[in-house]
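Just below is one structure, and these are the notes that go with it.
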Amino acid sequence: MLPGVEDLEQRAHAWLAEDPDPDTRAALREALASGDTELLERAFAAPLAFGTAGIRGPLGPGPAHMNRLVVRRVAAGLAARLAREGPPEAQLVIVGHDARHKSSLFATDIAGVLRGAGFEVRAFERPVPTPLLAYAVRRTGAAAGVQVTASHNPPEDNGCKVYWAGGAQIVAPLDAEIAKAMARASGSDISFDTEATPATPPAPDVEGAYRAGCLATVGRDGPRAVRLVYTPLHGVAGTLTVGLLESAGFRDVHVVDEQAAPDPDFPTVPYPNPEEAGAMDLAFALAVDVGADVVIANDPDGDRIAVAVPDRGGWRTLTGDEVGCLLAQDLLERGEGPDRLVATTVVSSQMLRRIAAAHGVGYAETLTGFKWLAPAMAEGRRRGQEPVLAYEQALGVMIGDEVLDKDGIRAAVVIADLAARLRADGRTVTHALDDLALLHGVHATAGPSVRVRSPAEARAPLERLRADPPEGLAGIAVAAVADYRSGRRRERGGAESAISLPSTDLLSLELVDGSRVHVRPSGTEPRLKGYVEAVQPVGEEGLGAARARAVERRDALARAFEALVGSG
């Protein structure tokens with residue numbers, strides 16, 4: 001017998017004794033009967049943990065997969081932590097879910113555990129987008145919320161995002177405290193309301209209130225003459241987004257029929273992520289057929305937005321940095337006063353900082369993820385600053401602070417409004433992007449990544465880089481290395497300074513020409529991710545030449561990143 005097999009079998013039998021799901025029990029029994037040690041090793045590897053945006057993983061048996069026992073333990077851990085805040089019967093928890101495989105069942109399990117622990121639970125009966133769940137937590141004054149979703153992950157995945165009082169995702173130390181309580185939770189000890197009451201709406205017309213807030217962002221000034229193509233990528237945002245666009249006066253909206261209805265198999269896309277090649281092909285084909293001005297997409301749970309525009313006879317998907325900076329510039333131009341705030345993450349473009357400085361408004365920079373950005377915006381509100389926009393390069397945008405998380409639905413309405421106003425002036429989204437480059441220089445960004453078999457495999461290249469950082473990349477000297485895990489930034493000459501952000505597994509190479517390359521493991525997928533930015537001022541040579549130089553340098557840095565970490 002191979003080393004460790006006996007231990008794996010013991011753990012599998014212990015899991016079987018608690019597992020409430022006949023599907024995962026059958027899979028484990030089959031693995032035990034056939035001696036499938038590979039499945040057992042996967043199932044009982046490192047337990048799923050809270051990452052950049054909740055907890056996610058492939059469906060399957062054991063603590064390393066998403067399944068009914070894992071979500072019951074998440075609910076039990078949340079209940080144990082909430083109990084420290086006060087009597088359970090005095091606390092409300094909102095539960096929502098998307099349309100992925102097992103999402104409805106997981107949501108029922110979470111609600112049952114929380115009700116069994118004495119909490120008041122209100123749950124959405126039908127699948128809802130994540131921004132609506134986050135909004136409901138804030139509007140109702142709930143103590144917490146849970147959304148069952150794996151966002152843009154592959155079809156075989158699921159997960160859940162946990163929100164705390166106020167409507168933002170949990171951050172340290174809450175995530176660690178809930179995780180500790182999860183680890184202590186035993187299936188046999190978890191109280192479960194086996195006669196769970198039917199789903200109770202979170203609040204009277206919570207969706208109507210959310211819609212009203214979105215529409216107030218753009219106002220209602222009659223029909224808007226712009227032709228849009230929209231796709232929800234088989235997700236749950238379609239009905240709400242299209243309805244909002246129509247209510248805002250957009251009468252020329254063309255929806256990709258093949259992707260309009262929720263489908264957990266995501267049959268028309270290789271990967272349900274609008275950043276991935278091929279995901280928007282059907283939308284582009286429809287855009288060509290109807291002569292669209294702009295293509296807009298939401299990811300499957302509706303919290304992210306992708307935007308594409310005509311470009312040299314084809315269609316070009318804007319980067320998250322372009323979308324975020326474009327919207328920030330527009331919102332700041334249309335607003336007034338210095339006591340306003342915009343925010344982004346350390347791995348996003350440096351352009352937003354320059355936009356904020358030009359408008360004389362506040363600017364904040366956080367770690368990756370809206371679990372950090374949303375609290376920064378809330379803190380700004382407490383200081384008397386008006387939150388305008390926060391964004392991250394991974395297509396996440398938060399406009400205002402009605403939703404303390406990224407909201408691709410609200411962003412879709414605002415980008416459509418901007419496109420309509422530009423078209424009325426005889427201009428396009430591309431013209432607005434050119435204006436930004438002329439003001440602040442070309443900021444060419446890219447997000448190369450190297451997929452690995454497990455998150456653990458991403459550690460070796462990072463450790464090697466920490467121990468021996470390169471002196472240059474793509475022929476450009478490294479000016480400083482910032483290690484966000486140790487909290488220290490070291491310049492080429494030896495001078496050191498502190499990084500005033502929480503510790504995280506991120507390394508940044510700052511180059512002498514203003515370019516940057518960040519490296520970190522993904523918080524939601526088995527990938528080592530790179531964030532590359534090349535900056536080129538627009539001089540006498542003109543915008544076209546500056547853009548070509550920036551893109552050439554960006555691409556060279558992306559190749560250098562892949563060579564640097566690919567052998568690790």
Side-chain angles (χ1 to χ4, degrees), residues 99 127-132 207-208 210-263 266 268-269 272 274 279-311 314-318 322-323 326-327 330 395 397 399 406-430 432:
V128 295
T130 296
L132 186 56
E207 184 173 322
Y210 170 81
R211 286 170 53 88
C214 290
L215 293 172
T217 308
V218 297
R220 303 188 190 191
D221 54 3
R224 290 166 161 87
V226 65
R227 182 164 296 167
L228 306 173
V229 162
Y230 170 74
T231 175
L233 287 181
H234 299 294
V236 296
T239 299
L240 187 50
T241 302
V242 173
L244 278 167
L245 289 169
E246 291 175 349
S247 296
F250 296 95
R251 302 287 183 259
D252 202 354
V253 181
H254 301 261
V255 180
V256 179
D257 288 338
E258 301 93 327
Q259 299 174 336
D263 188 327
F266 306 103
T268 68
V269 293
M280 306 247 307
D281 284 356
L282 286 176
F284 294 156
L286 179 59
V288 171
D289 288 345
V290 303
D293 298 299
V294 179
V295 170
I296 297 174
N298 288 130
D299 72 337
D301 72 327
D303 64 353
R304 303 207 301 170
I305 182 173
V307 179
V309 296
D311 182 52
W315 283 84
R316 178 173 74 89
T317 303
L318 305 186
E322 289 174 319
V323 173
L326 188 69
L327 289 176
D330 181 57
L395 304 182
V397 178
I399 296 170
K406 54 185 177 288
D407 185 350
I409 298 168
R410 188 181 307 251
V413 179
V414 177
I415 197 74
D417 175 64
L418 171 59
R421 286 184 282 107
L422 287 167
R423 192 175 190 277
D425 292 337
R427 306 178 75 239
T428 67
V429 170
T430 302

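Numbers for residues simply follow the sequence, beginning at 1. From a predicted model like this one, the values you see are computed outputs, not experimental measurements.
Salt-bridge formation is detected for the pair Arg421/Asp417: a Lys NZ or Arg NE/NH1/NH2 atom is positioned less than 4.0 Å from an Asp or Glu carboxylate oxygen.
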Carefully, step by step, assess Arg211 and Leu240 under the rule side-chain contact (heavy atoms from CB on, under 4.5 Å).
CA-CA 8 Å; Arg211 286 170 53 88; Leu240 187 50; 3.7 Å; yes

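Contact of the Ile415 side chain with the Val294 side chain is not registered, since no non-hydrogen atoms from C-beta on lie closer than 4.5 Å. Within the 4.5 Å cutoff, no side-chain heavy atoms of Thr430 are placed close to those of Asp311. Counting heavy atoms from C-beta outward, Asp303 and Pro129 have side chains that stay 4.5 Å or more apart.
Residue pairs meeting the salt bridge (charged side-chain N to carboxylate O under 4.0 Å, His left out) criterion with at least one member in residues 230-251, sequence neighbours excluded, do not occur. Contacts classified as side-chain hydrogen bond (donor to acceptor under 3.5 Å, both in side chains) and involving residues 283-302 (residues at least two apart or in different chains) are given here: Thr130-Asp301, Ser151-Asp299, Ser151-Asp301, Lys161-Asp301, Tyr230-Asn298, Thr241-Asn298, Asp293-Arg423.
A pairwise comparison of heavy atoms in Pro300 and Leu233 identifies CG-O, 4.1 Å as the closest pair.
For Ala297, the side-chain contact (heavy atoms from CB on, under 4.5 Å) partners at least two apart in sequence or on another chain are Thr231, Met280, Ala306. By the side-chain hydrogen bond (donor to acceptor under 3.5 Å, both in side chains) test, Asp252 is found to be paired with Arg227, His254, residues two or more places apart in sequence or in another chain being considered. The salt bridge (charged side-chain N to carboxylate O under 4.0 Å, His left out) search around Arg427 returns Asp435, not counting sequence neighbours. By the side-chain hydrogen bond (donor to acceptor under 3.5 Å, both in side chains) test, Thr268 pairs with His234, Gln259, sequence neighbours left out.
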